[in-house]
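Working notes, beginning with the structure itself.
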Amino acid sequence: MAEEGPGKVQAAAFNCVEGSTEELAEQWLKVRERLRAEIGDVEYKTWLLQIVLGPLEEDEVTLFLPTRFLRDWIRGQYGDRLEALWRAENALVRRVELQVVRPATAVPIAEPAPDSTPAASTPRDRVEMGEENPSNPGPEARHDLAAPLDPRFTFSSFVVGKPNEFAYACARRVAEKPSSPGFNPLFLYGGVGLGKTHLMHAIGSELTQAGGVSVAYMSAEKFMYRFIAAIRSQSTMEFKEHLRSVDVLMIDDLQFLIGKDNTQEEFFHTFNALVDAGRQIVVSADKSPSDLSGLEDRLRTRLGCGMVADIHATTFELRISILEAKAQASGVVVPGKVLEFLAHKITSNVRELEGALNRLIAHANLFGRPVTLENTQDVLHDILKAHDRRVTIEEIQRKVAEHWNIRLTDMSSARRARAVARPRQVAMFLAKHLTSRSLPEIGRKFGNRDHTTVMHAVSRVQELMERDVAFAEDVELLKRMLEG
Ligand SMILES: Nc1ncnc2c1ncn2[C@@H]1O[C@H](COP(=O)(O)OP(=O)(O)OP(=O)(O)O)[C@@H](O)[C@H]1O
């Protein structure tokens with residue numbers, strides 16, 4: 001759960017909770033030291049010293065934070081780096097989960113009205129932050145737009161096949177000749193984990209390496225947080241000027257802005273200013289501009305004005321090529337039969353495919369054993385089980401909506417009436433139990449809800465099933481039908 005009692009945390013010498021192994025604590029120290037070297041002492045002491053190490057479960061290490069604000073800030077600023085550093089330290093770690101451990105005196109703030117100071121209110125899409133201190137706006141106020149690009153995501157490490165060749169060619173073109181007519185904006189879209197972020201980072205790396213070009217890359221979520229921070233520190237002009245001074249602006253996961261009207265508006269103006277000044281925009285989203293209902297029409301129209309490139313679901317051939325490339329780069333010999341087996345079994349997206357292969361490689365390295373088909377089935381037992389069911393979130397949503405006779409669109413709508421909200425919670429619960437999707441991925445499929453909403457839904461349904469036999473039977477029945 002996102003929030004737990006303070007009793008679980010013990011500020012021990014290693015800043016870790018009981019139950020963390022010494023080895024894990026040592027790894028945590030190294031991760032922190034690396035990050036300190038990268039970001040400097042002042043930022044380190046301001047932000048990172050307050051993190052407390054939690055447990056490592058499967059491939060996810062948990063870090064505890066005392067407030068939501070700190071969690072969101074650290075997630076936005078250092079989340080990617082923390083994950084990358086953990087992975088470098090411990091190959092088993094694939095994800096870092098940030099959790100709030102002490103209920104903060106939350107100050108809910110509205111998604112901002114342009115050029116206004118944030119007011120405490122509770123609109124539909126509020127952003128909750130704890131322990132705000134407007135007199136100390138934090139580093140956001142400096143609007144550092146330096147792109148935190150992942151050095152692993154380059155054009156040469158991107159495997160090209162039928163499903164992504166067009167998007168790849170467009171990305172290369174933009175990297176070679178930004179702001180070419182017809183390619184501005186470049187709009188990349190496709191399902192989860194298919195390489196959109198990878199291609200954006202590749203464009204950014206290529207351009208920054210060539211020199212002389214300033215690139216700003218950020219997720220739409222971070223864009224909103226920075227916008228809020230700028231309002232909070234009364235430096236929106238500075239924020240706007242900085243944004244509008246870059247040569248290339250890349251915004252990832254634009255669907256996050258759906259329903260955030262004021263941030264959309266700010267983005268729209270930034271977008272226009274940059275394109276009018278001949279600068280390049282690259283945007284990614286999970287749907288095409290025309291399907292992103294909930295985005296303002298004028299923004300959708302402008303987004304579709306340049307080049308729109310779709311990344312399709314992977315084919316068996318592409319999955320094999322990706323696995324071969326990644327296995328080769330790892331230096332571990334993975335037999336062709338194992339690669340074929342994985343490519344047959346894990347069809348959802350490249351991230352999961354990569355995760356499975358990485359786990360095999362980590363085991364081979366840790367135990368000094370060759371990878372075989374037999375030990376693959378053992379090591380990946382849980383992942384393979386999840387994929388055997390092959391049920392998709394869309395199927396779950398459809399079945400649950402039919403069962404309770406509600407509209408399918410209500411699975412992602414903002415309606416909160418219980419007749420709609422309860423089935424939606426059940427669908428999230430089933431998505432968690434019947435698919436291998438992460439909580440944020442599930443949240444996204446349900447109208448871009450936060451992963452904490454999914455966590456809440458899962459525990460709520462669990463609780464209700466324990467109390468209400470008829471409800472439990474309903475959920476069990478749905479589960480059996482979906483498991484087929
Ligand atoms: N064609 C490819 N070649 C090599 N690696 C790939 C390819 N496609 C995806 N990947 C890898 O899969 C992982 C997920 O890709 P990425 O994060 O770019 O997906 P995404 O489309 O941005 O997903 P999301 O919608 O969740 O943001 C990354 O580690 C990326 O390097």
Side-chain angles (χ1 to χ4, degrees), residues 68-84 95-98 111-112 125 127-129 138-140 143-153 171 185-205 208 215-230 239 242-243 246 248-268 270-271 274 280-287 289 292 294-295 299 303 311 349 351 438-445 447-453:
R68 285 182 187 195
F69 172 68
L70 204 58
R71 178 197 62 191
D72 293 340
W73 168 249
I74 286 174
R75 184 185 286 151
Q77 289 301 112
Y78 308 118
D80 294 348
R81 271 319 279 156
L82 273 172
E83 264 187 5
R95 282 190 298 260
V96 175
E97 167 75 1
L98 300 175
E111 200 250 334
D125 274 298
V127 178
E128 292 195 340
M129 294 185 173
E140 286 148 308
H143 311 306
D144 182 3
L145 297 178
L149 299 170
D150 190 322
R152 294 167 308 161
F153 293 172
L186 172 61
F187 189 102
L188 299 170
Y189 78 96
V192 167
L194 294 181
K196 301 182 292 293
T197 302
H198 189 133
L199 282 179
M200 291 176 101
H201 284 235
I203 296 172
S205 295
T208 42
V215 177
Y217 163 87
M218 69 184 94
S219 64
E221 188 178 6
K222 197 179 268 184
F223 180 87
M224 190 180 89
Y225 282 124
R226 287 185 171 181
F227 181 37
I228 291 171
F239 172 77
H242 270 78
L243 265 184
V246 299
V248 180
L249 176 65
M250 300 200 277
I251 302 286
D252 209 349
D253 289 325
L254 193 82
Q255 68 277 2
F256 180 83
L257 294 192
I258 286 176
K260 277 96 179 177
D261 296 345
N262 295 323
T263 310
Q264 259 184 55
E265 167 138 12
E266 180 54 33
F267 176 65
F268 180 71
T270 303
F271 181 103
L274 284 171
Q280 175 76 46
I281 306 262
V282 182
V283 166
S284 87
D286 61 350
K287 296 192 188 75
L292 278 176
L295 271 197
L299 180 55
L303 286 169
I311 305 188
N349 67 53
R351 186 176 292 124
S438 68
L439 295 175
E441 284 170 12
I442 296 174
R444 260 181 254 160
K445 297 266 182 186
N448 263 323
R449 287 178 156 82
D450 192 77
H451 75 284
T452 52
T453 308

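Side chains are part of it too, since the values below use all heavy atoms of this structure and drop only hydrogens, waters and symmetry mates.
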- Query: Is S284 reaching over with its side chain to a backbone N or O of D253, donor-acceptor style, under 3.5 angstrom?
  - Reply: yes
- Any donor and acceptor pair, going by atom type alone, linking the side chain of K222 with main-chain N or O of I251 inside 3.5 Å? no
To the nearest 0.5 Å, how far apart are [atom1] in [X] and [atom2] in [Y]?
| X | Y | atom1 | atom2 | result |
| --- | --- | --- | --- | --- |
| R75 | L82 | CZ | CG | 11.5 Å |
| L254 | Q264 | CG | CD | 7.5 Å |
| L249 | M218 | CG | CE | 6.0 Å |
| T270 | H242 | OG1 | NE2 | 13.5 Å |
| M250 | F223 | CE | CZ | 15.0 Å |
| L186 | L303 | CG | CG | 11.0 Å |

- Task: Over 60° means perpendicular and under 30° means parallel, so classify the ring planes of H201 and F153, tilted if in between.
- Result: perpendicular
- Message: In terms of relative ring orientation, are F271 and F267 parallel, tilted or perpendicular, with 30° and 60° separating the classes?
- Response: perpendicular
Considering all heavy atoms of both residues, which atom of [X] and which atom of [Y] are nearest to each other, and what is their separation?
| X | Y | result |
| --- | --- | --- |
| L188 | M200 | CD1-CG, 4.1 Å |
| L194 | I311 | O-CG2, 3.6 Å |
| F239 | R226 | CE1-CB, 3.6 Å |
| L243 | L274 | O-CD2, 3.8 Å |

- Item | Crowding at CG, D80 (>12 non-hydrogen neighbours, <6.0 Å) | no
- Given side chains that start at C-beta, do those of R444 and Q255 come closer than 4.5 Å, heavy atoms only? yes
- Message: Are L292 and I258 packed together at the side-chain level, in the sense that at least one heavy-atom pair is separated by less than 4.5 angstrom?
- Response: yes
- Task: Please lay out, stage by stage, how I203 and Y217 fare under the test side chain to side chain contact (heavy atoms under 4.5 Å, CB included).
- Result: CA-CA 10 Å; I203 296 172; Y217 163 87; over 6 Å; no
- Message: Is there a side-chain hydrogen bond (donor to acceptor under 3.5 Å, both in side chains) between D252 and T197? Walk through the geometry before answering.
- Response: CA-CA 7 Å; D252 209 349; T197 302; 2.7 Å; yes
- Message: Between K445 and E441, does the side chain to side chain contact (heavy atoms under 4.5 Å, CB included) criterion hold? Intermediate values first, please.
- Response: CA-CA 7 Å; K445 297 266 182 186; E441 284 170 12; 5.9 Å; no
- Item | Test side chain to side chain contact (heavy atoms under 4.5 Å, CB included) applied to L257 and E266, step by step | CA-CA 11 Å; L257 294 192; E266 180 54 33; over 6 Å; no
